[in-house]
Amino acid sequence: MGTKITLKNGVLSVPDDPIIPFIEGDGTGVDIWPASQLVFDAAAAKRGKSIEWQEVLAGEKAFNETGDWLPEATVQSFRDHLIGIKGPLTTPIGGGIRSLNVALRQIMDLYVCLRPVRWFTGVPSPVKHPEKVDMVIFRENTEDIYAGLELEEGTPEAKKLIEMLKDGFGWEIKPDSGIGIKPVSESGSKRLVRAALEYAVKRNRKSVTLVHKGNIMKYTEGAFRNWGYELVRDEFSDVAVGWDDCNGDPGDKILVKDAIADITLQQVLTRPDEFDVIATLNLNGDYLSDALAAQVGGIGIAPGGNINYVTGHGIFEATHGTAPKYAGQDKVNPGSVILSGVMMFEHLGWQDVADDIVRALEATIADKIVTYDFARLMDGAKEVKTSQFAKAIAERL
């Protein structure tokens, strides 16, 4: 049953009945995945399509059933079928397993974390003009301090590295320090910026902003900025131009500019309409995407995708945590998974399916039929369960 998605000449070949692996997710995954699948199936059916869902395991469910947090069979299924989607997964803080989300990104070299952030009419927001927020973040997914190159304080390995750095470079590091390495490569930076620029060209966006902390970290984040501008000159000069090369006047080309990370976090609040596509490093992108999500309704409806545009692989995901205290209560907002599915359908070329879901979601919110997180912030709202919210969206497709 179902047909595999394939990659032909660098382009996805998508059948009308694709096989798509999914991870239900830990915690509230038991509530938000079935609700999201209901919407996905209804939207696909409306357009004469169907999806053969294939469950694969990761996180607590995988560990309980197989003794492995991330079974190789799961990774192989994502490799074989190219495109997948997942709910939230547990990540212990301060010890235990490393992030399964990060592990999947690194194992499959999903170098772009794609986070579109826009406001949907009627969604409660803490800012005066959430409608001005319409940004797409390209966050580098495999390098920076998220590479996981760390040594624990007090271990022989940490002591050895501290001694090596002192002997080799004269760097004085406190002996009771944990040590982390921050790799930022030219190849990794350029493929990320290339993806952002190609997206901007394809979607007729006006600008790409390189967000960095290069005033302090000159040879990592500063290099990211410089490599980005270099790429524009070498590969995109016919469609894009850097700020310094046009004095801020790009004409009919895409303007590529840069901004310091801390100032960016201020300006996306005070001048959000000046930002369009953003390309940035791993940690900056993590902070920035969550800060922006807060302006348009919170991470409960923030979608995300992890993509390798070269191999064709992509895993789309809820960007929030597992919220285990709400698990099984049929209570939380499934919007993050639903909108990640919208991203997935857009990526597959099913734009009509994606557009139908967005319209139905907006219509449901406009009718003030919402889950508890929105209901407590809206006057006259009808609070419904996770499953009821999904049914209301499906009825409005």
> Do the numbers put Arg118 on top of the ring of Phe120, so that NZ or CZ is under 6.0 Å from the six-membered ring centre and no more than 45° off the axis?
Replying inline: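 Cation-pi check for Arg118 and Phe120: passes.
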
> Quick one: does NZ or CZ of Arg105 land under 6.0 Å from the six-membered ring centre of Tyr146, within 45 degrees of the ring axis?
Replying inline: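 Checked: cation-pi criterion not met.
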
>> Nearest 0.5 Å, please: how far is CD1 in Ile357 from NZ in Lys46?
In response: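 Here the interatomic distance stands at 10.0 Å.
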
>> Working to the nearest 0.5 angstrom, can you tell me the gap between Leu192 CG and Ser187 OG?
In response: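 Going from the CG atom of Leu192 to the OG atom of Ser187 covers 11.5 Å.
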
Among the clusters formed by ILVMFWY side chains lying less than 4.5 Å apart, do [X] and [Y] turn up in the same one?
| X | Y | result |
| --- | --- | --- |
| Ile107 | Leu89 | yes |
| Trp53 | Met1 | no |
| Leu397 | Phe345 | yes |
| Phe40 | Val30 | no |
| Val358 | Ile365 | yes |

For the student: nearest non-hydrogen atoms of [X] and [Y], plus distance:
| X | Y | answer |
| --- | --- | --- |
| Val211 | Ala261 | CG1-CA, 3.7 Å |
| Ile85 | Ser340 | CD1-C, 4.3 Å |
| Leu110 | Asn308 | CD2-N, 3.9 Å |
| His313 | Ile83 | C-CD1, 4.4 Å |
| Val117 | Ala293 | CG1-N, 4.1 Å |
| Met343 | Leu114 | CE-O, 3.5 Å |

>> One pair to check against side-chain hydrogen bond (donor to acceptor under 3.5 Å, both in side chains): Asp68 and Thr66. What are the steps and the verdict?
In response: CA-CA 5 Å; Asp68 191 347; Thr66 71; 5.5 Å; no

> What do the steps show when you test Glu52 against Ser50 for side-chain hydrogen bond (donor to acceptor under 3.5 Å, both in side chains), and what is the final call?
Replying inline: CA-CA 7 Å; Glu52 181 69 23; Ser50 64; over 6 Å; no

Would a distance-only check, ignoring hydrogens and angles, find a side-chain to backbone donor-acceptor pair under 3.5 Å from [X] to [Y]?
| X | Y | answer |
| --- | --- | --- |
| Thr28 | Thr322 | yes |
| Ser387 | Ala35 | no |
| Arg396 | Ala392 | yes |
| Ser336 | Thr319 | yes |
| Thr280 | Arg139 | no |
| Glu55 | Leu57 | no |

>> If we check side chain to side chain donor-acceptor pair (under 3.5 Å) with Asn284, which of these qualifies: His212, Glu221, Lys213?
In response: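 The single option meeting the side chain to side chain donor-acceptor pair (under 3.5 Å) with Asn284 is Glu221.
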
> Applying the side chain to side chain donor-acceptor pair (under 3.5 Å) test to Asn141, which of Asp109, Asn101, Asn306 qualifies?
Replying inline: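 Filter result, single survivor: Asn306.
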
Do [X] and [Y] have side-chain heavy atoms sitting under 4.5 Å apart?
| X | Y | value |
| --- | --- | --- |
| Lys391 | Leu38 | yes |
| Lys166 | Ile162 | no |
| His347 | Tyr309 | yes |
| Leu104 | Lys86 | yes |
| Thr209 | Asp276 | no |
| Val208 | Val232 | no |
| Trp350 | Met344 | no |

>> Angle between ring planes, Phe138 versus Tyr199, binned at 30° and 60°: parallel, tilted or perpendicular?
In response: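 Perpendicular.
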
> What orientation do Trp69 and Phe63 show, parallel under 30°, tilted 30 to 60°, or perpendicular over 60°?
Replying inline: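 Answer is parallel, since the angle falls under 30°.
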
Can you tell whether the side chains of [X] and [Y] come within less than 4.0 Å, N to carboxylate O?
| X | Y | result |
| --- | --- | --- |
| Arg205 | Asp134 | yes |
| Asp245 | Lys253 | no |
| Arg79 | Glu72 | yes |
| Glu274 | Lys257 | no |

> Tyr326 and Tyr372: aromatic ring centres closer than 6.0 Å?
Replying inline: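 When the ring centroids of Tyr326 and Tyr372 are compared, they turn out to be within the sub-6.0 Å range.
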
>> The test is side-chain hydrogen bond (donor to acceptor under 3.5 Å, both in side chains); show your working for Thr386 and Asp31 and say whether it passes.
In response: CA-CA 7 Å; Thr386 308; Asp31 302 308; 5.6 Å; no

> Strictly by modelled atom types, are Asn226 and Glu230 linked by a side-chain donor-acceptor pair under 3.5 Å?
Replying inline: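 Judged by distance alone, the side chains do not pair up.
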
>> Apply side-chain hydrogen bond (donor to acceptor under 3.5 Å, both in side chains) to residues Asp17 and Thr3 and explain how you reach the verdict.
In response: CA-CA 6 Å; Asp17 61 341; Thr3 308; 2.9 Å; yes

